[in-house]
Protein chains: 2
Amino acid sequence: MINLERLEQQLKARGCKLTRQRRAVLRVVATTEGRLDAARVCEDARAECPEIGLTTVYRTLDILADIGALRRLHLPDGCSSYAPASPGHRHHLICVECGRAVEFEGCDLTALVDSVASRTGFEVEDHWLQLLGRCPACQARRL
Amino acid sequence: MINLERLEQQLKARGCKLTRQRRAVLRVVATTEGRLDAARVCEDARAECPEIGLTTVYRTLDILADIGALRRLHLPDGCSSYAPASPGHRHHLICVECGRAVEFEGCDLTALVDSVASRTGFEVEDHWLQLLGRCPACQARRL
DNA sequence: TACTAGTTGAAAATGATGTTCAGTTAGAGG
DNA sequence: CCTCTAACTGAACATCATTTTCAACTAGTA
Ligand SMILES: [Mn+2]
Ligand SMILES: [Mn+2]
Ligand SMILES: [Zn+2]
Ligand SMILES: [Zn+2]
């Protein structure tokens, strides 16, 4: 769960104005636990700001991804959704059934990265990791 | 480098016919080292089969991904390219400069996965990992 | 050789995302 | 409070990769 005020501050610090549309998007992002995509955000944001357009949603999600408040998810069924992201190096664990996305930290890949680097001669700069599984609620529902 | 005959066998085993178009695509896939995308494959395949259309390329790449001969890559600049893939559980290391993609195996994430699973209650089923870096050739060119 | 399920490509449809632009507004400064 | 302006907005339109359609074609089997 993201802190709404922190988001507003970050936007201001970036020279962005806080419009009604943006506030609506921020509220959706700050109160959603799980995957977000432009269409869904637009729909939800209209509860608070009925005249918001998809264009603005796209623009706002872009900004939020830029400042690191959202991270793009890459899933078997598409690569156009986001998950709320905390500052710092994190990865996501995603429920393949309901789409819930939770962050985790503490990925120690140094041994793996070193081994691959020395075997291939590559200079490894970054890694991208996602875990897929089933959340507790969806496990329970399965029984 | 993928074995062309093996690919042809796999397609046959699947009940696919070996058309001139498909042979052309297979040859491109089997002889390319690095990223592939539909447009590029189509262009290259036309050297052997000038009348091939993009539609067929898309269809053939789909099949190849299905049988595991190609793996979809997810990169900062898009998620619509593939890399040749060997059978078994592998991941890719991709050069952010020239797009060369090499496979590696031996990802031991069990400790990480167990830790995350017990912390979150998720049942982890799968993981996606990609390393990004600079290949030896691109490192040299940088000096 | 004859048959047919599978295949093909041009054309049209789709669908997500980006761009344009004329009008609107947040919010800094007076 | 006003004023001013850079930032913002949404409808309409443009893009562009990918999918669908469909009538014609063909690999491979009998
Ligand atoms: Mn990490
Ligand atoms: Mn692995
Ligand atoms: Zn779930
Ligand atoms: Zn390179």
Side-chain angles (χ1 to χ4, degrees), chain A residues 5 7-29 35-67 70 72-82 99, chain B residues 5 7-29 35-67 70 72-82 99:
Chain A
E5 287 175 20
L7 281 186
E8 298 193 343
Q9 283 174 3
Q10 284 180 285
L11 286 204
K12 275 192 176 172
R14 205 176 187 266
C16 292
K17 291 180 178 174
L18 283 182
T19 62
R20 245 152 28 78
Q21 290 86 339
R22 280 184 182 159
R23 283 179 205 277
V25 170
L26 293 191
R27 205 186 38 73
V28 172
V29 168
R35 304 170 55 181
L36 293 164
D37 63 70
R40 161 74 64 99
V41 170
C42 190
E43 199 178 325
D44 288 1
R46 283 192 163 132
E48 175 173 338
C49 177
E51 70 277 30
I52 192 174
L54 239 195
T55 312
T56 295
V57 173
Y58 275 112
R59 289 192 278 231
T60 308
L61 293 183
D62 258 0
I63 295 171
L64 292 175
D66 262 6
I67 66 181
L70 290 178
R72 189 179 283 271
L73 298 182
H74 300 261
L75 300 170
D77 70 330
C79 306
S80 54
S81 62
Y82 296 88
Chain B
E5 288 173 20
L7 282 186
E8 297 193 344
Q9 283 173 2
Q10 285 180 284
L11 285 205
K12 274 191 175 172
R14 206 177 187 265
C16 290
K17 291 180 179 175
L18 283 182
T19 63
R20 245 151 28 77
Q21 291 87 338
R22 281 184 182 158
R23 281 179 205 280
V25 170
L26 292 191
R27 205 186 39 72
V28 172
V29 168
R35 304 169 55 180
L36 294 163
D37 63 72
R40 163 73 65 97
V41 170
C42 189
E43 200 178 325
D44 289 0
R46 283 193 163 131
E48 176 174 337
C49 177
E51 70 276 31
I52 192 174
L54 238 196
T55 311
T56 295
V57 173
Y58 275 110
R59 289 192 277 231
T60 308
L61 293 183
D62 258 0
I63 295 171
L64 291 174
D66 262 6
I67 67 181
L70 290 178
R72 189 179 282 271
L73 299 181
H74 300 262
L75 300 169
D77 70 331
C79 305
S80 53
S81 62
Y82 295 88

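Every chain is numbered from 1, with letters handed out A, B, ... down the list of sequences.
Put simply, the side chain of B:Val25 reaches to within 4.5 Å of the side chain of B:Ile52, judged on heavy atoms. Contact check for A:Leu64 versus A:Leu26: side-chain heavy atoms found under the 4.5 Å cut-off. In this structure, the side chains of A:Glu8 and A:Leu18 come closer than 4.5 Å at one or more pairs of heavy atoms.
One atom, CG of B:Leu61, and another, C1' of D:dT19, lie 14 Å apart when rounded to the nearest Å. Note: CZ (B:Arg40) to C1' (D:dT18) measures 19 Å, nearest angstrom. Going from atom CG of A:Leu11 over to atom P of D:dA7 covers 15 Å, rounded to whole Å. Atom CG of A:Asp77 and atom P of D:dT18 are 16 Å apart (whole Å). Between the OH atom of B:Tyr82 and the C1' atom of D:dT18 there is a distance of 10 Å, rounded to whole Å.
Considering only residues two or more places apart in sequence or on other chains, B:Glu43 meets the salt bridge (charged side-chain N to carboxylate O under 4.0 Å, His left out) condition with none of them. Residues satisfying the salt bridge (charged side-chain N to carboxylate O under 4.0 Å, His left out) criterion with B:Arg72, sequence neighbours excluded, are absent altogether. Here A:Arg59 pairs with nothing under the side chain to side chain donor-acceptor pair (under 3.5 Å) rule; sequence neighbours left out.
Of all heavy-atom pairs spanning B:Asp44 and B:Arg27, the tightest one is O-NH2, 4.4 Å.
Pairs engaging residues 9-19 of chain A under the side-chain hydrogen bond (donor to acceptor under 3.5 Å, both in side chains) rule: A:Arg14-A:Asp66 [sequence neighbours left out].
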Set out, line by line, the N/O atom pairs under 3.5 Å between protein and nucleotides 14-24 of chain C.
unit_1	atom_1	unit_2	atom_2	d
C:dT17	OP2	A:Tyr58	OH	2.4
C:dT17	O5'	A:Tyr58	OH	3.3

Are there any protein N/O atoms within less than 3.5 Å of an N/O atom in nucleotides 26-30 of chain C, and if so, which ones and at what distance?
unit_1	atom_1	unit_2	atom_2	d
C:dA26	N3	A:Lys17	NZ	2.9
C:dG27	OP1	A:Leu18	N	2.8

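The phosphate of C:dT7 (OP1 or OP2) has no side-chain N or O of B:Gln21 nearer than 4.0 angstrom.
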